[in-house]
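Notes to accompany the following structure.
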Amino acid sequence: MQRKLAYLFTLAVLALALTACGGDKNKNAGDSTPVAGEAASTEVVVKASSWEFDQTEYALPKDTPVKLTVENLSGAHGIEVVGQDIKIRGGKSEVINLPAGTYEIKCNIMCGTGHAQMVAKLVVS
Ligand SMILES: [Cu+2]
């Protein structure tokens, strides 16, 4: 009898451990960026022209899905969030979700003589 109880207890503990792991996995999947299909509550538009972005800093809310859109006013540009796996071509959007911090963005399409000076910051707070 004692043995059977011990066995049942072990099963219960194992079941709990498995459930806990599964829950964590799902949570991590939800936190990854960029998140396809996640509904964004805000949109930030980066307007690019040859050869600058319309702002030197873009403010984004932290840990929130944000629709980041790149609009080309002149020339063909795109952005890359340095250190993150986020690249958006002009005319396209991506829903991103970043923790607090300051991120550098730069043009990731070779667009001509001023290409290297096309940098700005994403201030996430
Ligand atoms: Cu460029």
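Throughout, numbering of the chain's residues begins at 1 and tracks the sequence. Counting convention: from 1, in listed order, for ligands and their atoms alike.
Taking 4.5 Å as the limit, every side-chain heavy atom of Ile96 sits out of range of all side-chain heavy atoms of Pro65. In this structure, Leu98 and Ile86 have side chains that are in contact, with non-hydrogen atoms separated by less than 4.5 Å.
Contacts of Thr69 classified as side chain to side chain contact (heavy atoms under 4.5 Å, CB included), with partners at least two apart in sequence or in another chain: Glu43, Val45, Lys67, Ser93.
The distance from the Cu ion (ligand 1) to the nearest N/O/S atom of Ile109 is under 2.8 Å. Within the coordination shell of the Cu ion (ligand 1), defined by N, O or S atoms under 2.8 Å, Cys107 is present.
Hydrophobic cluster membership is shared by Val70 and Val124, with clusters built from Ile, Leu, Val, Met, Phe, Trp and Tyr side chains linked at under 4.5 angstrom.
Among the heteroatoms counted here (N, O or S) of His115, ND1 is the one nearest to the Cu ion (ligand 1).
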